[in-house]
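These numbers come from a predicted model, not from an experiment. Numbers restart at 1 for each chain; the letters A, B, ... are given by sequence-line order, proteins then strands.
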Protein chains: 2
Amino acid sequence: MFKAIQKRSVSDEVFDQLRNRIVYQELKAGEELPSERLLSEMLGVSRNAVREAIKRLQQARLVEVKHGGMTTVLDYRREASADLLPSLLFDQDGQIQVDAARSIVRMRQVLSPAIAADAAVNGGAATADRLDALVDDMTAAVAPVDLQRLAFEFWEELVDGSGNIAYRLAFNSLRKTYEPLWELLTQMLDRDLRKLDSFRGLAMLVREGKADEAAELARDYIDGSSNAINQFLDLYEQHTQNHLNNNA
Amino acid sequence: MFKAIQKRSVSDEVFDQLRNRIVYQELKAGEELPSERLLSEMLGVSRNAVREAIKRLQQARLVEVKHGGMTTVLDYRREASADLLPSLLFDQDGQIQVDAARSIVRMRQVLSPAIAADAAVNGGAATADRLDALVDDMTAAVAPVDLQRLAFEFWEELVDGSGNIAYRLAFNSLRKTYEPLWELLTQMLDRDLRKLDSFRGLAMLVREGKADEAAELARDYIDGSSNAINQFLDLYEQHTQNHLNNNA
DNA sequence: CAGGTCCACTGGTAGGATAAGTTACCTCAA
DNA sequence: TTGAGGTAACTTATCCTACCAGTGGACCTG
C-alpha cells in the first residue's frame, strides 16, 4: 500500500527541534533560547520561520516570550497540556518511555468507568443505538485492525454520550498519543477486543440508564486491557534493560 | 494592590478573534478561513501577524492549513485539547457556560480519588512531608484566599506524588481553567476548605501508603466540594434563565 | 551614589518579492 | 462526448530588509 508522504515545512522542522530539545531536557526550564536572529542564522532559515515555530512553542506553553527580553524555557511538567504526551512517549532513540506509557494507561483506566457511567445517565437511546450498530460491525469484523478501530469508535461514542466536554478534549489528546502505537496496540489487545459481550453489555446498560452497572462493566473490561498493556510494558522494560546491560 | 498590565500583541489579538469565532460557532467546522492576504487586509495588520496567529490555531488543532489550499476550520470537539477549556467556560457575554463548568467539576471529581490513591502508592515520605507542611500552613492561614491557594498546592503535591505525567498535564489544563474563577471558587469552597482533617488525613494515608483509604477520603472531600460548586451552578443557571426570560 | 541618559541588545510589525502547491477551467485530441 | 493535459489564478511557504518598541546594563552627572 501507499502512504501519504508527509511534507514538513521549515517552521515545523524548527518547532520539532526546539520542542525535542526541551522535552529531552537539553534545554532546561528557566534557560534562555538563543535570540531569534541567532537561531535563524544557526539553523539557516529566515527569522520568520523561527518566529512561527516559537509562536507554536508559546501556544504549547513550552516557552515564555517577553518583548525586549530573552525567550525562556518553561517547566513543561508544570505548564504544558496533555498535547505533549505524544512527544513524551518516546525517547530520542524512539524507545517507548515506559513510565509515560503506564501513566496514560492508568489515566484511561480511571476515566473509562466514569465515562461509561455518565454516558448511561446522559446518552439515551440515540447513543445506545449507535453503540449497538458499532457492536454489530464488530461482530462482522474479521481483521484485528478493524476490530480495534471499531472498539475505539465505540469509546468515542461513549465519550460523546457522556456529554462531558472535558472528557471529550482529554480523550482527543489520548487519541493523538495512541496513533503512533496503533498496530502495536492491536496486537496487545487482540484478546480483549474479542470480548464482544462487554461491548454489547455496555450498550445495553447505556440504553437502560444503569450508570453503576455500566461503570462496573467498563471497569472490568478496562482493567483487563490495562493489564494486557502493562504486561507488555513490563516485558518491554526488561528487554530494553537487558539491551542496555549487554551494551555496557 | 497593583496588577500587572497585560499587553496584547497584534498577533495575539488576531488569534483571539479567530479562536473566538471558532468556539462561538461563527466559523463552523469544515468552513474555510479567508486567505491570509484577505485577512491581513480586513484586520489592517501585516500578513506576518496573521500567519503567526494561524500557526497558534494550528498548534491548538482548531484549523488545518494546507500549502496551496484554503485553511479550514476543524471540529474542536473532536480535535482540540483540554487547553481549550478556558475559552469554552464563558460565552460571548462573559456568562459562565454551565454545561462546560459541570463537565470540569465532574472530571476533577473522577480523577481526584485516583490521584490520591496513586500518590499513596508512589509518593512516599517525601511527598507526605510536603503535604503535612502545607496542612501546617493551612492551619495558620486566616484569609480564605490563602487557604484556597494552599489547598490547591496540596493537590498539586498529590499530583506530583502520584508520579503520573498524564495526571500532571491534565491538571495543568484544569488549573488554567480555574484561574479566571479563582475568587468565585474561594467563596464557593469556603466551608469545604476548612475541613483540615481531610487534608491532614490524606497526608497521613499517603505516608502510610494506604491507597484505598486515601481514595475513599479524597472521594468524600471532593464529592463535598463538587456539590458546593454544582449548587452554585444550579443557582447561576436559574438566575441567568430568569434574566433571559425577563429580557424576552 | 541615586537618577537619568544612552546604547546595544531583545522581540514585534510591516511590506515586498519569489517559490511552491492547489484548484478550476479551458483546450484539444481520441 | 469525453478525458487528458495544460494554463491561469488563486492559495500558503519562505525569505529579505527595514523599522518600531521594550529591556537592561554601561556610563555619565548632579
Visitor: Could you tell me whether the side chain of Thr177(A) reaches within less than 4.5 Å of the side chain of Pro86(A), counting heavy atoms only?
Guide: yes

Visitor: Is the closest basic N to carboxylate O distance between Asp12(B) and Arg56(B) below 4.0 Å?
Guide: yes

Visitor: Charged N to carboxylate O under 4.0 angstrom, Asp160(B) versus Arg130(B)?
Guide: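 A salt bridge is absent here (no side-chain N lies under 4.0 Å from a carboxylate O).
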
Visitor: If I take atom CD in residue Glu32(B) and atom P in nucleotide dT22(C), what distance separates them, rounded to the nearest angstrom?
Guide: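 Rounded to whole Å, this separation is 15 Å.
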
Visitor: Counting only heavy atoms not in Glu41(A), do more than 12 fall under 6.0 Å of its CD?
Guide: no

Visitor: Please report, rounded to the nearest Å, how far the C1' atom of dC15(D) is from the CD atom of Glu13(A).
Guide: 17 Å

Visitor: On DNA chain C, compare the nucleotides closest to Gly69(B) and Gly69(A); which residue's is nearer the 5' end?
Guide: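 This one resolves to Gly69(A).
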
Visitor: Look at Arg168(A) together with Glu156(A) and state whether they make a salt bridge at an N to O cut-off of under 4.0 Å.
Guide: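 Yes, charged N to carboxylate O under 4.0 Å.
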
Visitor: If you only use heavy atoms from C-beta on, which nucleotide in dA14(C), dG11(C), dT23(D) is closest to the side chain of Glu36(A)?
Guide: dG11(C)

Visitor: So which nucleotide from dT10(C), dT11(D), dT23(C) ends up closest to the side chain of Met70(B)?
Guide: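 Selected nucleotide (nearest to the side chain): dT11(D).
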
Visitor: Hey, which sits more toward the 5' end of DNA chain D by its nearest nucleotide, Gly68(A) or Thr71(B)?
Guide: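 The answer here is Thr71(B).
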
Visitor: With respect to the phosphate group of dA13(D), does any side-chain polar atom (N or O) of Ser9(A) fall under 4.0 Å of OP1 or OP2?
Guide: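 So the side chain of Ser9(A) is outside the cut-off, no N or O lying under 4.0 Å from OP1 or OP2 of dA13(D).
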
Visitor: For DNA chain D, determine which residues of residues 38-57 of chain A have any heavy atom closer than 4.0 angstrom to one of its atoms, and list them numerically.
Guide: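 When residues 38-57 of chain A is checked for heavy atoms under 4.0 Å from DNA chain D, the hits, listed by number, are Val45(A), Ser46(A), Asn48(A), Ala49(A).
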
Visitor: Does the base of dG11(C) carry an N or O that pairs as donor and acceptor with the side chain of His67(A) under 3.5 Å?
Guide: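 Flag set: donor-acceptor pair detected.
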
Visitor: Roughly how many Å is it from CZ in Arg37(A) to P in dC15(D), rounded to a whole number?
Guide: 16 Å

Visitor: State whether the number of non-hydrogen atoms from other residues, nucleotides or ligands found under 6.0 Å of Glu31(A) atom CD is greater than 12.
Guide: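 It does: Glu31(A) CD has more than 12 such atoms within range.
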
Visitor: Side-chain N or O of Lys66(A) less than 4.0 angstrom from OP1 or OP2 on dG24(D)?
Guide: yes

Visitor: So that I know where these two stand, are Phe171(B) and Phe152(B) an aromatic pair - ring centroids less than 6.0 Å apart?
Guide: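 Between Phe171(B) and Phe152(B), the centre distance is under 6.0 Å.
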
Visitor: Taking the minimum atom-to-atom distance to the side chain of Ser11(A), which one of dT14(D), dA13(D), dC19(D) wins?
Guide: dT14(D)

